[in-house]
Amino acid sequence: MYTFSNRLKIGSLILMALGLVGMGIGFFSAPSTVEEAKAMVATHDDGHGGGHGEATHEAAGTAAHGDEAHGTDHDEHLLHQLQNRPWSATYVALFFFFMISLGVLAFYGVQRASQAGWSPMLFRVMEGITAWLVPGGILLFVFLVLSVLHMNHLFVWMDADTVAHDALLQGKAGYLNPTFFLVRAAIYLGGWIGYREISRRLSLAQDASDDNSNFVKNFRWSAAFLVFYLVSESMMSWDWIMSLDPHWFSTLFGWYVFASMFVSGITVIAMVTIYLKSRGYLPDVNDSHIHDLAKFMFGISIFWTYLWFSQFMLIWYANIPEEVTYYVTRIENYSMPFWGMVAMNFIFPILVLMNSDYKRLNWFVIMAGIVVLMGHYLDVFNMVMPATVGDQWYIGIPEISAVLFFGGAFLFWVFRALTKAPLQPTRNPYIEESRQFHY
């Protein structure tokens, strides 16, 4: 049985405390009036080389002289962008750690439904990581409810005045409306959490059983879940991410978000497994298990790159104004995180994870995993921030604090969940095959 070490417990609580203080500073520092917003932009020395704050301020001034109504609208838009920043930073970190847990759940479901023989030794690790779905899902739903209540301006289609002057949003109102939005979110979360709890219970019951009936039930539930997951994950990506840019859409977007969460989840499985093994747990997990996880890290990184390039190349080549705007804003205003994300999620895995021998070096897999996770955090950052804060971005106290808080909470909850059951299943029909897994 795994014991939650005091050092890890205290460390995660410290991260949560530091993150909570920093997030509070971010919300407290947000402007409350147009004058405060304009003063903040005028005095802000942005750290990413664009001088966009001053340009925005000058543009606002020019617009005010040329057209007072337009200038007022611009100032209000600027205020909303700056007010959105702590909310957006919170949302990025909250969604990032939730998608890790959801990616692990998908990988777990695939292993169960395919009756894979190599992975049962890792099932308890996966079940521990997916435990974050419950608190993470609750926090995410509360955030969406606060958005519907207009506590922030992240989802512009939730603003009735905006919709009243936008024919395109009016055409989407049957789907993009607050009530249906929350109903869908409840269905997604209920389905994902429900499967996780049912599968976990059947997994533990199998160890105490004298037959394979619980294993068979788990297989059936997993097969059904994967069908639900493929539909709900795509719709979730439209609702929670793509609708931040309601004038833009991509038919690849659901797969793109899936690839990001899938590789992030597998990476965390590998990192947690290596940590537990280094502490003397999981004695039957060997280098071949780690090698297979690293192979998935490499393979899904290439899959993510294929989807990223397919989406980018087709939109760039077609050069349709309402489509290319999505990438123009990111390349012009987010060039460092945009291209940095591509390097960390594609070039880095190609260089370091292609070699088979390196996949068996635990320290090397940990190093690669840290870079991959940072890259996919930037991926979520690039999906959310341009639509919500525009060019008023930089990575500072709100962004770092949100990662610290939710990262600390994630670690605390996951490692606490790992203490609830033995880390190694005993009655899985494939447990001996997994124990003897070598190549």
*asked:* For residues 135-150, which residue pairs pass the salt bridge (Lys or Arg N to Asp or Glu O under 4.0 Å) check, not counting sequence neighbours?
replied: none

*Just grab all the salt bridge (Lys or Arg N to Asp or Glu O under 4.0 Å) pairs involving residues 222-247, residues at least two apart or on different chains.*
Arg184-Asp239, Asp245-Arg330

*Inter- and intrachain pairs under salt bridge (Lys or Arg N to Asp or Glu O under 4.0 Å), touching residues 6-31, at least two apart*: none

*Taking the six-membered ring for Trp, is the centroid-to-centroid distance between Phe262 and Trp304 below 6.0 Å?*
no

*Which pairs with one or both residues in residues 278-304 pass salt bridge (Lys or Arg N to Asp or Glu O under 4.0 Å), sequence neighbours excluded?*
Asp284-Arg435, Asp292-Lys295

_For Phe309, all residues meeting side chain to side chain contact (heavy atoms under 4.5 Å, CB included), sequence neighbours excluded_ = Met313

_Suppose we call two aromatic rings close when their centres sit under 6.0 Å apart. Are His289 and Phe437 close by that rule?_
yes

*Any residue meeting ring-ring contact (aromatic ring centres under 6.0 Å, His included) with Phe97, in chain and number order, not counting sequence neighbours*: Phe410

_Counterpart residues, side chain to side chain donor-acceptor pair (under 3.5 Å), relative to Ser301 (two or more places apart)_ = none

_Non-neighbouring partners of Ser199 that pass side chain to side chain contact (heavy atoms under 4.5 Å, CB included), sequence neighbours left out_ = Tyr108, Arg112, Tyr195, Asn218

*CE-CG distance between Met23 and Leu18, expressed to the nearest 0.5 angstrom*: 12.5 Å

*Apply ring-ring contact (aromatic ring centres under 6.0 Å, His included) to Tyr175 and list each qualifying residue two or more places apart in sequence or on a separate chain.*
Phe180

Contacts table for residues 268-275: side-chain donor-acceptor under 3.5 angstrom, sequence neighbours left out:
unit_1: Thr273; atom_1: OG1; unit_2: Ile269; atom_2: O; d: 2.7

*Below 6.0 angstrom between ring centroids: does that apply to Trp308 and Phe312?*
yes

*Using the test side chain to side chain contact (heavy atoms under 4.5 Å, CB included), find all partners of Ser234 that sit at least two apart in sequence or belong to another chain.*
Trp238

*Listed by chain and number, what are the side chain to side chain contact (heavy atoms under 4.5 Å, CB included) partners of Leu314, not counting sequence neighbours?*
none

*Does the pair Glu127/Arg124 count as a salt bridge with the N-to-O cut at 4.0 Å?*
yes

